[in-house]
There are 2 protein chains.
Amino acid sequence: MNVHSNSPRVEDILQRLRRAGHRITPQRLAILRAFADSHSHPSVDMVYAAVKPNFPTTSLATVYKTVVLLKELGEVMEIGFGEGGNRYDVRVPTPHPHLVCTRCRRILDAELDALDHLTETLAQSTGFRILSHRVDFYGICPECRRKAAH
Amino acid sequence: MNVHSNSPRVEDILQRLRRAGHRITPQRLAILRAFADSHSHPSVDMVYAAVKPNFPTTSLATVYKTVVLLKELGEVMEIGFGEGGNRYDVRVPTPHPHLVCTRCRRILDAELDALDHLTETLAQSTGFRILSHRVDFYGICPECRRKAAH
DNA sequence: TTATTTTTAGATAATGATTATTAATAACAA
DNA sequence: TTGTTATTAATAATCATTATCTAAAAATAA
Ligand SMILES: [Mn+2]
Ligand SMILES: [Mn+2]
Ligand SMILES: [Zn+2]
Ligand SMILES: [Zn+2]
């Protein structure tokens with residue numbers, strides 16, 4: 001496999017991994033690529049399934065440990081869901097709103113320019129020091145709506 | 001104990017429990033009151049701890065089963081948190097924004113009049129049929145800020 | 001009331017995603 | 001190439017929640 005076939009995002013992370021003294025193993029590279037390639041905020045299982053064909057001996061525990069490492073370095077954001085496992089965003093690892101389709105389980109990024117201003121207003125009115133947020137909208141995505149309209 | 005010492009909210013729920021053919025047991029009453037009395041969106045463990053002194057034989061499983069029942073009837077809203085267990089809102093069992101203090105773990109209701117309009121705008125621009133939401137702001141509450149400023 | 005039926009409580013086992021453990025392996029500096 | 005040591009893979013442990021099962025309690029019938 002061509003060593004230059006990585007996205008800029010993957011190259012960035014690889015550099016910071018090396019700088020922090022971590023080793024670049026084939027497993028890590030494959031897991032990292034799987035995370036970065038996905039646009040649907042994958043779960044650990046989804047990444048595991050994507051890596052398995054190329055690295056059949058890969059352990060699920062290794063995927064989990066890579067997630068912990070990437071979280072520590074701030075390179076992945078965990079989106080917690082009780083049921084059916086957490087989801088991850090390696091492309092944009094900072095808090096931002098999401099649209100969650102409850103039918104196909106896809107998760108899309110949402111644009112909400114008003115959010116920052118809203119947060120500031122809330123902080124002023126409540127006295128809270130707001131440091132982060134979790135903003136999810138649940139519903140049915142356009143594709144699932146089209147399918148449902150037989 | 002006076003049978004009329006319940007809040008209107010508790011009375012409402014009791015009526016609907018009876019109407020649905022469920023029995024009002026002392027355990028259920030105690031658990032229900034503990035949920036309704038709390039302003040901090042308690043966890044199952046917190047409710048269990050509140051009930052234990054009055055009903056020492058109460059089982060944790062009974063608290064969990066009461067939660068399931070109340071969820072089915074739409075009388076409690078579950079707020080999922082991966083770490084340390086879920087939290088519950090019996091006072092306002094419909095989606096609304098929350099302020100979560102990451103220091104003392106308290107959860108407060110937040111007023112966000114702009115949210116409905118925001119949701120509609122987002123639905124229009126994305127084609128999603130938005131049915132629900134989860135809006136949490138994480139930070140340090142005023143009391144914890146005061147304590148931190150020794 | 002007493003008997004019969006159904007619901008619920010309490011104890012505890014099972015579940016499932018995640019984390020911890022540990023011996024074997026391999027990345028990488030010298 | 002070799003040695004050091006991080007990492008892997010397999011698997012056990014964890015922990016909140018759910019399921020199971022029996023006894024007790026409550027509703028219902030007789
Ligand atoms: Mn995202
Ligand atoms: Mn609330
Ligand atoms: Zn969909
Ligand atoms: Zn606080």
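Everything numeric here is computed off the predicted structure, so don't read it as measured data. Naming convention: chains lettered A, B, ... in sequence-line order (proteins, then strands); numbering from 1 in each chain. Hydrogens, waters and symmetry mates are skipped; everything else that's a heavy atom, side chains included, is used.
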- request: Go through Arg91(A) and Glu75(A) one step at a time and tell me if the salt bridge (Lys or Arg N to Asp or Glu O under 4.0 Å) criterion holds.
  value: CA-CA 8 Å; Arg91(A) 308 172 72 89; Glu75(A) 302 290 354; over 6 Å; no
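- Closest approach to the Val68(A) side chain among dT19(C), dA10(D), dT17(D) is made by dT19(C) (side chain taken as heavy atoms from C-beta onward).
- With distances taken from any side-chain atom of Ile24(A) to the nucleotides dG10(C), dC28(C), dA9(D), the minimum falls on dC28(C).
- For the pair Phe81(B) CZ and dT17(D) P, the computed distance is 12 Å after rounding to whole Å.
- Per the geometry, OH belonging to Tyr64(A) stands 18 Å off P belonging to dT21(C), to the nearest Å.
- The side chain of Lys65(A) sits closest to dT22(C) out of dT8(C), dT22(C), dG10(C).
- When distances run from any side-chain atom of Val44(B) to the nucleotides dT8(C), dA9(D), dT17(D), the shortest one goes to dT17(D).
- In this entry the distance linking CZ of Arg28(A) with C1' of dT8(D) reads 10 Å, nearest Å.
- In the set dA9(D), dA9(C), dA19(D), the nucleotide with an atom closest to the side chain of Ala61(B) is dA19(D).
- Remark: P of dC15(D) and CG of Asp45(B) are 12 Å apart, rounded to the nearest angstrom.
- Applying the 3.5 Å distance criterion, the base of dT6(C) shares a donor-acceptor pair with the side chain of Arg23(B).
- Set against dT17(D), dG10(C), dT7(D), the side chain of Asn86(B) has dT17(D) as its closest nucleotide.
- Whole-Å rounding puts the Leu60(B) CG to dT8(C) C1' distance at 16 Å.
- Side-chain contact between His96(B) and Asp89(B) is present, with heavy atoms from C-beta onward closer than 4.5 Å.
- Recorded end-axis angle for the helix from dT1(C)-dA30(D) to dA30(C)-dT1(D) stands at 30°, based on five pairs per end and rounded to 10 degrees.
- For the residue pair Arg87(B) / His98(B), no side-chain donor-acceptor distance below 3.5 Å is found, with atom types taken as modelled.
- The nearest whole Å value for the distance from the NE2 atom in His22(B) to the C1' atom in dA9(C) is 16 Å.
- Across all strands shown, Pro26(A) has heavy atoms under 4.0 Å from sugar-phosphate atoms exclusively, and none from any base.
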